[in-house]
Amino acid sequence: MLEMFPYPSGRLHMGHVRNYTLGDVVARFKKAQGHNVLHPMGWDAFGLPAENAALERGIHPGTWTRQNIKDMRAQFMPLGLSLDWEREISTCEPEYYRHEQKMFLDFVKAGLAYRKESWVNWDPVENTVLANEQVIDGKGWRSGAVVEQRKLNQWFLKITHFAEDLLTSIDGLERWPDKVRLMQQNWIGRSEGARVLWPLLDSAGKGIGEKLEVFTTRPDTLFGASFCAVSPQHPLAAKLAETDTALAAFIAECNKAGTSTATIEAAEKKGYDTGLQALHPFIEKWTVPVYVANFVLMEYGAGAIFGCPGHDQRDMDFARKYDLRVSCVVAPKNEDAKDFAAKLESGNEAFTGDGVAINSDFLDGLAVTEAKRAAIAKLEKIKLGTGTVQYRLRDWGVSRQRYWGCPVPIIHCEGCGAVPVPDKDLPVKLPDDVTFDKPGNPLDRHPTWKHVDCPACGKTAVRETDTFDTFIESSWYFARFCSPDSTDKPFDKKAAMAWLPVDQYIGGVEHAVLHLLYSRFFTRAMQACGYLDLKEPFGGLFTQGMVCHETYKSPEGQWLSPADVTKSGETAVRNADKVPVTVGRSEKMSKSKKNTVDPQHIIDTYGADAARLFMLSDSPPERDLEWTDAGIEGAWRYLNRLWRMAAAARDIGARELPAFASLSGNAQGVVRHAHRAIHGVTEDLEKFRFNSAVAKVREFSNAIGELTLDDDGAKAAYRFAVGVLAQLINPLAPHIAEEIWATLGNANPLVDSAWPKHDPAMLEESTVTVAVQVNGKLRGTITVAKNADKAIYESTALALEGVQKYLGGKPPRKVIVVPEKIVNIVAA
RNA sequence: GCCCCCGUGGCGGAAUGGUAGACGCAACGGACUUAAAAUCCGUUGACCGGUAACGGUCGUGCCCGUUCAAGUCGGGCCGGGGGCACCA
């Protein structure tokens with residue numbers, strides 16, 4: 001049982017409380033059912049916020065982080081989580097990250113990690129690389145400086161090596177939400193197509209002895225080609241720019257624009273005609289112009305495309321802008337090809353649907369799929385292309401120019417290149433004496449740390465000063481939990497194989513792709529290096545919804561915290577001056593909107609059980625939860641009521657439950673209900689229907705509350721029922737459950753007790769009440785013996801006054817009897 | 001633009017194709033109390049008729065279909081949310 005471990009921000013928030021409550025319910029439930037449960041906790045302790053704190057407050061990131069861990073651990077305690085704190089790990093400690101360094105070096109050996117020059121978002125003020133999501137409108141999120149595209153040497157993990165396996169194995173992740181599986185599929189983005197080679201000619205029509213490789217998913221539309229285009233970062237573009245200053249300027253402009261989503265969206269499609277011509281692979285002596293275009297991505301496919309404006313909207317836009325030929329080579333089956341082609345070629349809409357090839361020589365008449373196949377066959381025959389599979393997924397760049405992360409264990413030597421730090425010198429520890437008074441990476445300007453001798457030749461060399469992406473730590477922590485004290489190896493293989501894969505993993509959907517995909521990759525990479533024998537780290541996955549709250553805005557337009565606002569009905573006023581405030585829609589609790597509720601305060605006021613119960617009862621766990629004061633009050637009131645029932649049960653005194661048959665009808669009813677509740681709650685907990693489980697528990701409490709204690713049998717039944725109640729709420733609200741259990745005089749703690757079992761015989765009823773419909777409309781109900789035959793159902797139903805009224809004296813046309821379900825009478 | 005999910009009372013939400021609205025919140029009425037809090041009891045989908053018990057009609061975003069029977073299945077709209085996004 002594992003929940004995604006938290007970043008130690010220093011403050012517990014409601015999202016944590018929900019996440020860990022859900023996990024704890026499962027952990028306690030499974031333990032009661034007799035499973036051996038491992039439920040550990042740790043800290044995802046590297047990361048940027050620590051450096052920001054250092055920058056803003058002059059605290060060392062390590063000091064800040066370790067203090068936060070201490071504070072947060074203390075905040076976790078009152079929640080009553082059944083965590084194994086003996087296995088606690090913290091990823092910022094060398095005991096943890098040293099293994100990561102070793103694994104990385106093994107990955108390098110295995111060809112799963114490599115170094116290459118790549119284009120990155122570079123913030124010239126902060127002197128660091130920015131992730132795409134840190135680039136807003138082409139500017140650095142913190143410095144506001146225009147982000148540049150720079151070529152930098154970066155380490156990559158070869159996640160694409162497993163692209164096909166990562167994709168096909170998704171089918172086997174049956175206990176993962178479909179949504180997440182789909183998101184991963186889309187992210188990996190497999191597409192089948194062809195690589196096509198276009199011999200290049202100069203403007204005079206003479207061959208330059210080179211071929212341009214492009215990737216396409218539509219080789220069937222090759223006869224509709226009207227241009228080729230390469231990425232501004234394509235080697236061909238760079239080569240041509242050496243002698244073409246206008247092109248060089250164009251490329252520089254493209255690189256300046258950045259690669260953030262927003263920038264790309266805003267950017268207009270632009271191209272630069274290189275003057276080169278590309279020779280069509282199928283049509284003799286036919287050429288198309290070659291452009292450098294800003295919308296062609298270097299990282300995907302071959303970094304170059306051929307444009308077929310008739311059947312790709314983007315190419316169509318480009319063709320219209322630069323006045324290129326548009327020709328139709330696919331027409332829908334049931335339309336007149338000539339008319340369709342004429343319409344398409346004069347319009348601005350590309351046709352991307354299915355159809356039949358036209359104006360395409362040997363492809364004419366073939367459907368799209370067949371035409372693709374035929375085109376690829378021909379390309380392969382004339383050696384100007386091959387069929388290929390392309391993935392959207394790219395290798396994982398893991399270098400970060402930051403301090404608070406795991407150092408990359410590499411030494412750069414002028415003579416030997418990138419040399420791995422020898423095993424005996426691991427871990428490469430982060431130096432503590434660093435300063436944050438200047439922008440950039442403190443490791444880089446540390447006076448001594450990076451200067452070392454080359455392990456290979458002994459000459460002076462320098463350490464790599466980049467650190468790893470913090471997603472690496474969280475890609476294997478689940479394995480570390482299996483043997484957290486292992487010193488020679490990251491974890492004991494046997495222990496890992498005994499515990500893994502994680503049976504139930506719980507966390508937010510925001511990690512649906514990155515963290516979960518990285519972990520799946522890492523597990524495969526660890527397998528390839530012999531660390532374990534496993535592909536998939538997480539057998540079952542559950543993604544919980546966010547915790548939301550209404551937002552409040554003052555008349556001055558400032559966000560207000562719920563703590564500063566008093567609500568009455570639909571209106572709300574500011575506490576300080578009673579001025580009415582605007583009540584906004586409910587949104588995910590966040591500091592920026594100030595709509596957070598402090599868990600500490602809630603726990604102090606109502607206790608952990610109330611907070612847990614409310615979070616479980618109000619919404620299904622996968623959906624967003626709306627935090628309301630009224631809701632937590634309700635949970636609190638219910639706990640009080642439970643306690644009063646426990647006191648009443650205690651006052652009854654210990655007694656055996658007499659034989660069922662000797663009980664009064666009401667007492668029998670409660671005992672039966674207990675069995676029904678055990679059955680229902682067990683099933684709900686198995687299926688993560690916690691809100692429904694709480695509803696059933698409350699229903700059961702209501703039934704107990706209605707029992708009048710007028711004889712010994714009833715008293716015994718009451719006591720019995722309260723005991724069952726305690727057992728059932730134990731995973732949900734463990735503190736009060738344990739108290740009730742003890743109050744009833746049980747010597748052994750509830751936490752060590754087995755989950756109750758229902759007696760199937762107790763669920764059996766001798767009679768059954770079913771609905772009676774006439775023409776599908778409810779007209780009454782009948783109660784008959786459980787195994788009555790259909791004729792009894794029919795005659796009893798037809799005898800109903802309400803039924804007769806609607807039949808109007810005529811015999812029914814048809815009577816449908818579904819035993820134990822319904823009787824539906826079709827009137828004549 | 002592409003892909004996915006979701007639309008049920010005043011609100012959160014229940015409901016293997018079979019009595020829609022379980023359970024809770026809020027609201028209202030009552031009991032207890034000098035009073036309040038707490039607690040307990042009751043009412044609460046909409047509309048129509050009836051003094052009343054009660055009776056009737058409509059009702060799960062909208063339209064169409066499948067079925068004896070649709071919140072649930074299929075098709076088409078509308079609205080909300082999420083993911084990806086110049087991926088060739």
Side-chain angles (χ1 to χ4, degrees), chain A residues 177-187 189-191 193-194 196 214-218 221 228-229 231 259 261-265 267-269 293-297 299-308 311-315 317-318 352 390-394 509-510 512-513 569-570 586 613-614 617-620 622-635 637-638 640-641 644 689 691-702 705 769-782 802 805 812-818 820-827:
Chain A
D178 289 343
K179 180 169 71 168
V180 174
R181 303 202 301 178
L182 200 77
M183 279 163 76
Q184 294 217 349
Q185 274 166 15
N186 292 340
W187 188 265
R190 183 184 199 272
S191 47
V196 184
V214 307
F215 174 73
T216 178
T217 55
R218 294 296 301 273
T221 64
C228 283
S231 163
T259 58
T261 313
T263 342
I264 286 167
E265 202 171 5
E268 201 186 336
K269 285 177 189 50
N294 65 345
F295 63 88
V296 182
L297 303 174
E299 299 86 20
Y300 187 76
I305 59 158
F306 84 83
C308 174
H311 306 283
D312 182 293
Q313 193 54 50
R314 191 187 36 204
D315 296 345
D317 297 345
F318 192 79
T352 54
Q390 186 67 44
Y391 300 91
R392 206 193 73 110
L393 182 70
R394 289 169 206 170
V509 241
E510 64 271 24
V513 176
E570 289 305 297
S586 181
L613 200 66
F614 169 64
S617 66
D618 216 47
S619 287
E622 69 277 10
R623 245 186 264 181
D624 287 351
L625 176 87
E626 170 71 14
W627 182 271
T628 61
D629 291 345
I632 183 78
E633 293 267 358
R637 277 200 301 269
Y638 175 65
N640 283 309
R641 191 165 150 231
R644 287 193 297 274
R689 294 190 302 220
N691 57 327
S692 179
V694 173
K696 288 192 174 80
V697 164
R698 294 187 85 136
E699 238 173 315
F700 179 39
S701 323
N702 291 345
T769 302
V770 304
V772 178
Q773 302 179 333
V774 177
N775 292 338
K777 289 197 170 145
L778 182 71
R779 296 303 174 193
T781 57
I782 55 170
K805 201 166 103 189
R813 193 150 61 94
K814 195 175 173 187
V815 179
I816 292 123
V817 176
V818 184
E820 295 179 40
K821 289 275 161 67
I822 204 160
V823 178
N824 191 10
I825 297 158
V826 186

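Within every chain, numbering begins at 1; the chains are lettered A, B, ... in the order of the sequence lines, protein sequences first and strands thereafter.
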For residues 769-778 of chain A, which side-chain donor-acceptor pairs fall under 3.5 Å, sequence neighbours excluded?
residue : atom : partner : partner atom : Å
A:T769  : OG1  : A:T783  : OG1          : 3.0
A:N775  : OD1  : A:A827  : N            : 3.0

Quiz item: Say you pick atom P in B:rC84 and the same atom in B:rC63; how far apart are they, in whole Å?
Solution: 36 Å
Exercise. With heavy atoms under 4.0 Å as the rule, sort A:R394 into base, sugar-phosphate or nothing.
Key: base
Quiz item: Expressed in whole Å, how much space separates the C1' atoms belonging to B:rC5 and B:rG61?
Solution: 16 Å
Pull out every protein N or O sitting under 3.5 Å from an N or O of nucleotides 39-44 of chain B, one pair per line with the distance.
residue : atom : partner : partner atom : Å
B:rU39  : O3'  : A:R644  : NH2          : 3.3

Quiz item: Does one side chain, of A:S617 or A:Y638, offer a donor that lies under 3.5 Å from an acceptor on the other?
Solution: no
Self-check item: Residues in ring-ring contact (aromatic ring centres under 6.0 Å, His included) contact with A:F295, at least two apart in sequence or another chain
Solution: A:F318
Quiz item: Of the nucleotides B:rA88, B:rA14, B:rC58, which one has an atom closest to the side chain of A:I305?
Solution: B:rA88
Quiz prompt | Check ion pair A:R181-A:D178 (N to O, under 4.0 angstrom) | solution = yes
Quiz item: With sequence neighbours left out, what residues match A:F700 under ring-ring contact (aromatic ring centres under 6.0 Å, His included)?
Solution: A:H673
For nucleotides 5-9 of chain B, print each protein N/O atom paired with a nucleotide N/O atom at under 3.5 Å, atom names and distance only.
none

Quiz item: Which sits closer to the 5' end of RNA chain B, A:R218 or A:I825, going by the nucleotide each is nearest to?
Solution: A:I825
Quiz item: So what does A:D315 hit on the nucleic acid, given a heavy-atom distance under 4.0 Å: a base, only sugar-phosphate, or nothing?
Solution: nothing
Quiz prompt | Position toward the 5' end of RNA chain B (nearest nucleotide), A:V826 or A:L182 | solution = A:L182
Quiz item: Name the stems that RNA chain B belongs to, where each is three or more consecutive Watson-Crick or G-U pairs with both distances under 3.5 Å?
Solution: B:1-7 with B:78-84, B:10-12 with B:23-25, B:27-31 with B:39-43, B:45-49 with B:54-58, B:61-65 with B:73-77
Quiz item: Ignoring hydrogens and angles, are the base of B:rC86 and the side chain of A:K269 linked by a donor-acceptor pair under 3.5 Å?
Solution: yes
